[in-house]
Amino acid sequence: MSETAAKAPGAPASSGDANRWKALVFIALAQLMVVLDATIVNIALPSAQTDLGISDGNRQWVVTAYALAFGGLLLFGGRIADLWGRKRAFVIGLTGFAAASALGGAATTGAMMFGARALQGVFGAMLAPAALSLLAVMFTDAKERAKAFGIYGAIAGGGGAVGFILGGVLTEYLDWRWTFFVNIPFAIVAALGAYFVIREPEGGRNRNPLDIPGVLLSTLGLVSLVYGFTRAESDGWGDATTIGLFVASVVLLVAFVVTETRVKAPLLPLRVVLDRNRGGIYLSLGIAIIAMFGTFLFLTYYLQVIKGFSPIKTGFAFLPMIAGMMVGSTQIGTRLMTRVPARALMGPGFLVAAVGMLVMTQMEIGSSYASTILPAMLLLGLGMGTAFMPAMSLATFGVEPRDAGVASAMVNTSQQVGGAIGTALLNTIAASATTSYIKDHIATATSKPQQQLVQMEGAVHGYANAIWVAVGMLVLAAVVVVAFVNAGKPDTTTVASGDGAEDEVAVPVVAH
């Protein structure tokens with residue numbers, strides 16, 4: 001791998017900038033806020049819908065407006081971070097996210113709520129890649145990088161489950177509006193801390209003019225793709241608009257790739273994604289997220305609808321998965337990342353998560369939480385935590401400083417697109433299996449309680465069928481890792497710079 005990962009000795013990030021660990025606290029806090037928001041609003045949605053008079057047909061826009069803005073603008077947000085500076089983009093993203101959250105919490109109409117969610121997505125698309133790219137340029141020592149990305153990976157993986165708990169507490173004991181207002185103190189503390197603490201290494205900006213055609217094509221292409229999967233979930237895969245959106249997304253994204261090969265200063269330099277290791281990371285992460293997002297949804301429904309858990313109890317039921325992620329990310333991943341190649345962690349990590357999913361396929365109406373869901377969650381969290389940490393580190397390792405923002409944005413984009421695909425695809429599979437089961441068994445149900453039982457059995461049957469697909473997705477993610485990711489353990493090597501001088505840089509040892 002020819003691209004360097006760090007600057008010469010004397011740069012703050014590699015010489016031991018005393019503030020970099022303090023900076024990590026505020027970067028992690030911002031990341032927690034963004035990840036929490038993805039699930040916390042879902043818990044509050046029924047109450048918000050009632051208060052604001054949002055119809056059943058329009059309630060999806062509370063989620064969709066955010067997803068479209070966030071997913072569509074991620075590459076642009078990453079490029080802005082490279083152009084303006086990651087610290088500036090980070091602080092602006094936090095400030096805008098807080099203002100949009102205040103607007104959402106104060107919403108009096110559905111349209112005001114949808115607008116606030118779209119604005120959250122816009123500023124989130126600037127904030128998320130800026131946060132990850134700050135880590136990439138500030139932590140270049142292999143051992144320190146492992147610790148920093150271990151913490152970041154644990155938050156990125158487990159924060160969504162924490163959102164279920166916090167969302168349930170705020171909605172049940174205060175008001176749904178606090179699921180928005182809670183972002184404001186997070187954002188203020190993180191922005192102030194970042195402003196005073198973060199010292200971004202000099203010389204890493206990409207000051208080339210913006211690739212406007214690339215911005216337009218990538219944004220429209222990604223919006224079409226994400227909205228296509230959203231429509232598929234609600235209107236079916238054969239819906240004319242759904243098909244049109246998928247066709248449009250393919251045409252726009254192909255045009256985007258062609259454009260990027262021809263413009264002088266591309267929005268997404270193809271060297272970022274064509275690198276064997278990074279390309280494998282982006283693909284495997286997207287596939288794994290397909291499995292993970294859909295399973296989150298099914299577990300929430302299973303625990304609340306089938307088992308009768310309250311929102312708060314459901315949130316606490318996800319804690320074992322968070323614990324597993326923390327152990328996998330900060331203990332296994334962090335300790336072994338500098339000793340073994342990344343694929344030796346990622347591949348087994350995805351397979352352990354697949355075993356957890358496999359346990360989950362055995363759930364029935366009468367299954368106990370302790371014997372089925374608890375071990376499944378522990379294995380899922382442990383595997384994902386072990387895999388995510390080296391994935392996020394390697395995805396930005398070795399990238400040129402001027403490309404750190406867009407490389408980080410690609411991590412978020414693969415997760416966002418994977419989440420959209422997972423929710424739509426696995427929901428469709430579950431709904432189809434449920435309908436088929438009920439059709440085959442409802443005739444034997446002669447009383448209303450028996451009919452309700454068949455419907456519940458059908459729902460669980462649908463969840464299990466979809467989770468079987470999720471198992472396959474995780475196995476496929478492991479295969480992609482083995483096939484593409486060949487970087488060895490990080491090492492510190494001395495290489496010659498272009499002027500003949502020698503700079504100490506962190507480069508991955510590539511296993512052939």
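Given the structure is predicted, the values throughout are model-derived calculations rather than measurements. Sequence positions, counted from 1, serve as the residue numbers for this chain.
Between Phe246 and Phe229, a ring centre-to-centre spacing shorter than 6.0 Å is recorded.
Side-chain contact check for Thr241 versus Tyr227: every heavy-atom pair is 4.5 Å or farther apart. With contacts defined as side-chain heavy-atom distances shorter than 4.5 Å, the pair Ile322/Leu319 qualifies. Between Arg117 and Phe180, the closest side-chain pair of non-hydrogen atoms falls below 4.5 Å. Contact of the Leu285 side chain with the Phe388 side chain is registered, since non-hydrogen atoms from C-beta on lie closer than 4.5 Å. Side chains of Met325 and Leu382 form no contact here, defined as non-hydrogen atoms less than 4.5 Å apart. Contact annotation: the side chain of Phe350 never approaches that of Val475 to less than 4.5 Å [non-hydrogen atoms, C-beta and beyond]. Residues Phe298 and Met360 fail the side-chain proximity criterion, which asks for heavy atoms closer than 4.5 Å. Here the side chains of Phe114 and Ile54 are in contact, with some heavy-atom distance below 4.5 Å.
A donor-acceptor pair under 3.5 Å is absent between the side-chain atoms of Gln362 and the main chain of Val359, judged by distance alone. Distance alone, capped at 3.5 Å, places no donor-acceptor pair between the Lys87 side chain and the Leu134 backbone. Of the possible donor and acceptor atoms, one in the side chain of Thr434 sits under 3.5 Å from a partner among the backbone N and O of Ala430. Listed for the Thr179 side chain is a donor-acceptor partner under 3.5 Å among the backbone atoms of Trp176. Side-chain atoms of Ser329 do not come within 3.5 Å of backbone N or O of Met326 as any donor-acceptor pair. Looking at Ser436, its side chain never comes within 3.5 Å of a backbone N or O of Ser432 through a donor-acceptor pair. Of the possible polar contacts, none joining the Thr372 side chain to the Tyr369 backbone as a donor-acceptor pair under 3.5 Å is found.
Closest heavy-atom contact between Ser101 and Gln120: OG-NE2, 2.9 Å. For the residue pair Pro129 and Gly77, the shortest heavy atom distance occurs at CG-C, 4.0 Å. In this structure, Leu374 and Pro320 approach most closely via the heavy-atom pair CD1-CG, 3.2 Å. The minimum heavy-atom distance between Ala466 and Ile429, with the atom names listed, is CA-CG2, 4.0 Å. Shown here for Ala30 and Leu94, the closest heavy-atom pair between the two residues is CB-CD2, 3.7 Å.
Inspection of the Ser371 and Ser368 side chains reveals an N or O donor paired with an N or O acceptor under 3.5 Å. The closest side-chain donor-acceptor pair between Thr428 and Trp237 falls under 3.5 angstrom.
Atom CG of Asn183 and atom CH2 of Trp178 lie 12.0 Å apart (nearest 0.5 Å). A distance of 12.5 Å separates CE of Met473 from CD1 of Ile289, quoted to the nearest 0.5 Å.
A search for side-chain contact (heavy atoms from CB on, under 4.5 Å) contacts involving Ala464 returns nothing, not counting sequence neighbours. Residues forming a salt bridge (Lys or Arg N to Asp or Glu O under 4.0 Å) with Asp239 (at least two apart in sequence, or on another chain): Arg231. Partners of Tyr282 by ring pair (Phe, Tyr, Trp, His ring centres under 6.0 Å), not counting sequence neighbours: none found. Partners of Phe70 under the ring pair (Phe, Tyr, Trp, His ring centres under 6.0 Å) rule, at least two apart in sequence or in another chain, are Tyr66. Tyr302 pairs by the ring pair (Phe, Tyr, Trp, His ring centres under 6.0 Å) definition with nothing, not counting sequence neighbours.
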- request: Mind running side-chain contact (heavy atoms from CB on, under 4.5 Å) on Met456 and Val305 for me, showing each step along the way?
  value: CA-CA 9 Å; Met456 291 175 69; Val305 177; over 6 Å; no
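Screening residues 410-438 for ring-ring contact (aromatic ring centres under 6.0 Å, His included), with sequence neighbours left out, gives Tyr437-His441, Tyr437-His461.
The side-chain tip of Lys313 points at the ring of Phe309 from less than 6.0 angstrom away and within 45° of straight on.
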